[in-house]
Each structure stands twice: as structure tokens, then as C-alpha cells.
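One structure is given below, encoded as C-alpha cells.
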Amino acid sequence: QVQLVESGGGLVQAGGSLRLSCAASGRTFRRYAMGWFRQAPGKEREFVAAISWSAGSTTYANSVKGRFTISRDNAKNTVDLQMNSLKPEDTAVYYCTADRHYSGSYLYTSPDEYDSWGQGTQVTVSS
């Protein structure tokens with residue numbers, strides 16, 4: 001099991017930016033695909049972005065494409081989510097997650113395919 005700890009959430013006005021960071025434990029971090037999901041009150045957890053082990057492949061939810069950027073630093077065991085042009089509908093708890101069985105062929109968008117989760121960090125965007 002890999003331990004994931006998110007940071008960087010907070011309150012921001014619409015149109016503003018936030019950068020979330022996730023620190024992972026373990027020496028095999030570079031083998032995992034990493035992802036970000038979010039969950040708003042009363043809603044299901046939804047996919048935001050994912051990145052391959054080499055950062056050569058990324059995928060995004062349509063709702064954040066062009067505004068959010070996922071990146072990783074395998075030397076530091078971190079994965080970040082830069083969020084620009086934030087909207088009130090981006091308000092949610094954001095979770096960092098790892099796909100430890102990533103084979104290099106496909107970045108999953110279903111939470112069922114990820115097996116390690118952080119505790120989440122709150123992002124609130126005011127209008």
C-alpha cells in the first residue's frame with residue numbers, strides 16, 4: 001500500500017488559481033499511474049486527471065480540459081494538479097490516487113481501477 005497526502009486546497013474566487021500537491025511514500029512510485037478525482041457534496045466521486053509513470057501520457061475530464069494541468073516529479077515522489085480559471089462548480093474535495101497495477105497501456109478514469117487514496121483536500125471556489 002502506498003500512502004498519499006494531499007495539500008494545497010483552500011478558498012479562491014472564481015477565475016483564480018490553486019495548485020494541489022500529493023506526496024507519496026514508497027520507492028516504487030515511478031511505476032504507478034497517478035490520478036486526481038473530486039467529490040462534491042451529494043455527488044459521486046468523479047475523475048479529474050491522470051498521468052502515466054513517465055508523464056508521457058495524460059488524460060483529463062472534459063470539464064477541466066484546458067484549465068487544469070497534471071504533472072509529476074518521480075525524483076520527489078510528488079504529483080501536482082495546477083488549476084486555473086477556477087469555477088464555482090469546481091468546488092469539491094480533491095483526492096490523489098494511485099494505480100499500482102498500471103501496465104503502461106491505458107489511463108483509467110474509473111475510481112474502481114485505483115487502489116490507493118489520500119485523505120482529500122477541500123477546494124472551494126466562490127462566485
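Nothing fancy with the numbering, it's 1 onward along the sequence. Source: prediction; values computed, not measured.
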Would a distance-only check, ignoring hydrogens and angles, find a side-chain to backbone donor-acceptor pair under 3.5 Å from [X] to [Y]?
X: Glu6; Y: Cys96; answer: yes
X: Thr91; Y: Thr124; answer: no
X: Gln13; Y: Ser126; answer: no
X: Ser21; Y: Ser7; answer: no
X: Arg72; Y: Ser52; answer: yes
X: Ser25; Y: Gln3; answer: yes
X: Thr97; Y: Ser116; answer: yes

Within-4.5 Å side-chain heavy-atom neighbours: [X] and [Y]:
X: Trp36; Y: Cys22; result: yes
X: Trp117; Y: Arg45; result: yes
X: Leu81; Y: Val48; result: yes

To which residues is Tyr102 joined in a hydrophobic cluster, defined by side-chain heavy-atom contacts under 4.5 Å among Ile, Leu, Val, Met, Phe, Trp and Tyr, whether direct or through other members?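 Trp53, Leu107, all in the cluster of Tyr102.
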Same hydrophobic cluster for Phe47 and Leu4, using side-chain heavy-atom links shorter than 4.5 Å among ILVMFWY? no
In the single-linkage hydrophobic clustering (I, L, V, M, F, W, Y; side-chain heavy atoms under 4.5 Å), do Val64 and Val79 co-cluster? yes
Test side-chain hydrogen bond (donor to acceptor under 3.5 Å, both in side chains) applied to Asn84 and Ser17, step by step: CA-CA 4 Å; Asn84 299 328; Ser17 298; 2.9 Å; yes
Give the minimum heavy-atom separation between [X] and [Y], together with the two atoms involved.
X: Gly26; Y: Asn77; answer: O-ND2, 2.7 Å
X: Pro88; Y: Ala14; answer: CD-CB, 4.1 Å
X: Arg100; Y: Val2; answer: CD-CG1, 4.1 Å
X: Asp90; Y: Ser85; answer: OD2-O, 4.5 Å
X: Leu86; Y: Met83; answer: CD2-CB, 3.8 Å
X: Tyr95; Y: Gly118; answer: CD2-O, 3.6 Å

Atom [atom1] of [X]: over 12 foreign heavy atoms under 6.0 Å:
X: Glu89; atom1: CD; result: yes
X: Arg67; atom1: CZ; result: yes
X: Arg19; atom1: CZ; result: yes

Under 30°, 30 to 60°, or over 60°: which ring-plane class applies to Phe37 and Tyr114, parallel, tilted or perpendicular?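 Perpendicular, since the angle between the ring planes exceeds 60°.
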Kindly compute the distance separating [atom1] ([X]) from [atom2] ([Y]), expressed to the nearest 0.5 Å.
X: Ile70; Y: Asp80; atom1: CD1; atom2: CG; answer: 9.0 Å
X: Leu20; Y: Phe68; atom1: CG; atom2: CZ; answer: 8.0 Å
X: Ile51; Y: Ser71; atom1: CD1; atom2: OG; answer: 6.0 Å

Quick one, Tyr94 with Arg38, criterion side-chain hydrogen bond (donor to acceptor under 3.5 Å, both in side chains). Give me CA distance, side-chain angles, the key distance, then yes/no. CA-CA 4 Å; Tyr94 283 70; Arg38 66 187 182 186; 2.9 Å; yes
Does a donor on one side chain sit under 3.5 Å from an acceptor on the other, for Thr78 and Asp73?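 No.
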Could you check Thr109 against Glu46 for side chain to side chain contact (heavy atoms under 4.5 Å, CB included), going step by step and ending with a plain yes or no? CA-CA 8 Å; Thr109 60; Glu46 67 170 352; over 6 Å; no
